[in-house]
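To keep things clear, I will list the structure first and then write my remarks on it.
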2 protein chains.
Amino acid sequence: MDARTRTHYRHRALVMKALAHPTRLFLVDRLAEGEACVCDLTALVGADVSTVSKHLSVLKNAGVVADQKRGNQVFYSLRVPCVLNWCACVEGVLEAAARERLRAVS
Amino acid sequence: MDARTRTHYRHRALVMKALAHPTRLFLVDRLAEGEACVCDLTALVGADVSTVSKHLSVLKNAGVVADQKRGNQVFYSLRVPCVLNWCACVEGVLEAAARERLRAVS
DNA sequence: TGGCTATTTGGCCATTCTGCCAAAGAGCAA
DNA sequence: TTGCTCTTTGGCAGAATGGCCAAATAGCCA
């Protein structure tokens with residue numbers, strides 16, 4: 001694998017990494033329904049505000065969400081809706097894995 | 001977020017995590033072209049055999065690839081082709097992020 | 001059986017990630 | 001300005017990840 005290819009996959013991995021956390025997946029799902037401020041998202045997640053803020057920062061740096069300041073709160077929104085399609089595929093992966101486990105047992 | 005929801009997102013995150021690594025993304029791309037044994041993949045990746053084996057193990061546990069032993073060697077294959085669609089979306093995310101950076105500079 | 005190849009597993013270490021607290025902005029209103 | 005709220009940032013401790021080497025396992029063949 002040459003350096004150029006390696007860089008390419010590293011960039012792609014950065015985006016995947018941003019979504020590779022339960023809380024961040026939840027945030028994406030919530031934002032798919034419409035924009036929300038950090039305070040609302042914090043209440044939904046049930047973690048420290050700073051934790052949620054950092055998760056949102058990760059998603060923003062990956063380019064998955066966008067932020068907009070209004071008054072003294074910040075609203076986040078989903079910038080790339082196609083990530084939602086992944087979720088359907090993930091469900092498929094999970095189901096396939098579950099079937100496989102069942103087959104292994106029987 | 002209740003316990004059931006949390007578990008749901010944790011499972012989904014496991015699948016995403018499995019793909020959140022440059023080497024594993026490369027392996028998935030390669031396996032999309034057809035099955036391959038660990039030895040071939042090791043040569044392509046250019047890392048220690050044990051490292052590649054562990055990466056494949058992660059993908060297998062996530063349900064993304066399947067393994068089949070034939071003779072002396074183990075052949076891996078892509079079990080859930082829909083993960084390939086993600087890549088196109090990731091490219092979109094990367095391009096959107098690049099455009100945003102350009103806009104921020106100008 | 002013994003030797004050879006292919007693969008997996010265990011262990012170790014360096015690096016990265018996570019989540020909390022505390023403190024530092026930033027904006028609004030009195 | 002002062003006080004209040006919302007958000008981000010810095011720092012720290014514990015957990016998880018990644019890569020290599022070494023050792024164990026599995027299958028083939030002589």
Side-chain angles (χ1 to χ4, degrees), chain A residues 1 3 5-7 9-28 30-31 35-62 64-77 104, chain B residues 1 3 5-7 9-28 30-31 35-62 64-77 104:
Chain A
M1 206 174 4
T5 307
R6 209 181 305 272
T7 302
Y9 280 103
R10 201 157 42 221
H11 284 157
R12 274 174 38 177
L14 277 182
V15 179
M16 303 297 294
K17 254 196 251 270
L19 291 163
H21 190 284
T23 299
R24 294 199 288 269
L25 282 176
F26 173 82
L27 290 171
V28 167
R30 173 56 191 79
L31 292 179
E35 63 170 20
C37 67
V38 180
C39 48
D40 290 343
L41 296 170
T42 298
L44 288 173
V45 169
D48 194 88
V49 194
S50 67
T51 301
V52 175
S53 176
K54 279 180 183 170
H55 279 309
L56 288 166
S57 168
V58 170
L59 289 171
K60 182 177 136 189
N61 286 333
V64 176
V65 303
D67 62 337
Q68 190 194 16
K69 187 158 202 166
R70 283 211 298 276
N72 67 354
Q73 39 195 8
V74 178
F75 288 84
Y76 281 85
S77 56
Chain B
M1 205 170 8
T5 306
R6 209 181 307 272
T7 302
Y9 280 104
R10 201 158 41 223
H11 284 157
R12 273 174 39 176
L14 276 183
V15 179
M16 302 298 296
K17 256 195 251 268
L19 292 163
H21 190 283
T23 299
R24 294 200 289 268
L25 281 176
F26 172 82
L27 290 170
V28 166
R30 171 58 191 78
L31 292 178
E35 64 171 19
C37 67
V38 180
C39 48
D40 291 342
L41 296 171
T42 298
L44 288 173
V45 169
D48 195 88
V49 194
S50 66
T51 301
V52 175
S53 176
K54 278 179 184 172
H55 279 310
L56 288 166
S57 168
V58 170
L59 289 171
K60 182 177 135 190
N61 285 333
V64 177
V65 304
D67 62 338
Q68 189 193 17
K69 188 158 203 167
R70 281 210 298 276
N72 212 356
Q73 38 197 9
V74 179
F75 288 84
Y76 282 86
S77 56

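All figures in this text were calculated on a predicted structure; none of them were measured in a lab. So you know, we letter chains A, B, ... as the sequences are listed, proteins then strands, and number each from 1.
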| request: With sequence neighbours left out, write down each residue that passes side chain to side chain donor-acceptor pair (under 3.5 Å) with Thr5(A), or none if nothing qualifies. | output: Asp2(A)
| About how many Å separate OG of Ser57(A) and CG of Asn61(A), when rounded to the nearest 0.5 Å? | 4.5 Å
| message | Working to the nearest 0.5 angstrom, can you tell me the gap between Leu19(B) CG and Leu19(A) CG? | response | 11.0 Å
| request: Report yes or no: does Thr7(A) contribute a side-chain atom to a donor-acceptor pair with the main-chain N or O of Ala3(A) at less than 3.5 Å? | output: yes
| query | How large an angle, rounded to 10°, do the end axes of the helix from dT1(C)-dA30(D) to dA30(C)-dT1(D) enclose when each is built from five base pairs? | reply | 20°
| task | Would you please name every residue forming a ring-ring contact (aromatic ring centres under 6.0 Å, His included) with His55(A), sequence neighbours left out? | result | His21(A)
| said: Applying side chain to side chain donor-acceptor pair (under 3.5 Å), can you list everything that pairs with Lys17(B), at least two apart in sequence or on another chain? | reply: none
| message | Counting only side-chain nitrogens and oxygens, does His55(A) get under 4.0 Å of the OP1 or OP2 atom of dC17(C)? | response | no
| Which distance, rounded to the nearest 0.5 Å, do you find between the CZ of Arg6(B) and the CZ of Arg10(B)? | 7.5 Å
| task | Supply the atom-to-atom distance Leu27(A) CG to Arg24(A) CZ, rounded to the nearest 0.5 angstrom. | result | 9.0 Å
| request: Whole angstrom is fine here: how far is it from CZ in Arg10(B) over to C1' in dG19(C)? | output: 15 Å
| remark: Here the gap from Leu31(A) atom CG to Asp40(A) atom CG, rounded to the nearest 0.5 Å, amounts to 10.5 Å
| query | What string of B, S and - do you get for nucleotides 20-30 of chain D, 5' to 3', if B is base contact, S is sugar-phosphate-only contact and - is no contact with any protein heavy atom under 4.0 Å? | reply | BBB---SBS--
| query | Atom OG of Ser53(B) and atom CG of Asp67(B): how far apart are they, to the nearest 0.5 Å? | reply | 10.0 Å
| field | Separation of atom CG in Asp40(A) from atom P in dT5(D), rounded to whole Å | value | 16 Å
| request: Could you check whether Tyr76(A) gets within reach of a base, just the sugar-phosphate, or nothing at all, counting any heavy atom under 4.0 Å? | output: sugar-phosphate
| request: Strictly below 4.0 Å, heavy-atom distances to any atom of DNA chain D: list the hits from residues 11-25 of chain B, or just say none. | output: Lys17(B), His21(B), Arg24(B)
| task | Check whether any side-chain heavy atom of Phe75(B) sits under 4.5 Å from a side-chain heavy atom of Gln73(B), and report yes or no. | result | yes
| query | Where the side chain of Gln73(A) is defined as all heavy atoms beyond and including C-beta, which of dT8(D), dT7(D), dT7(C) is the nearest nucleotide? | reply | dT7(D)
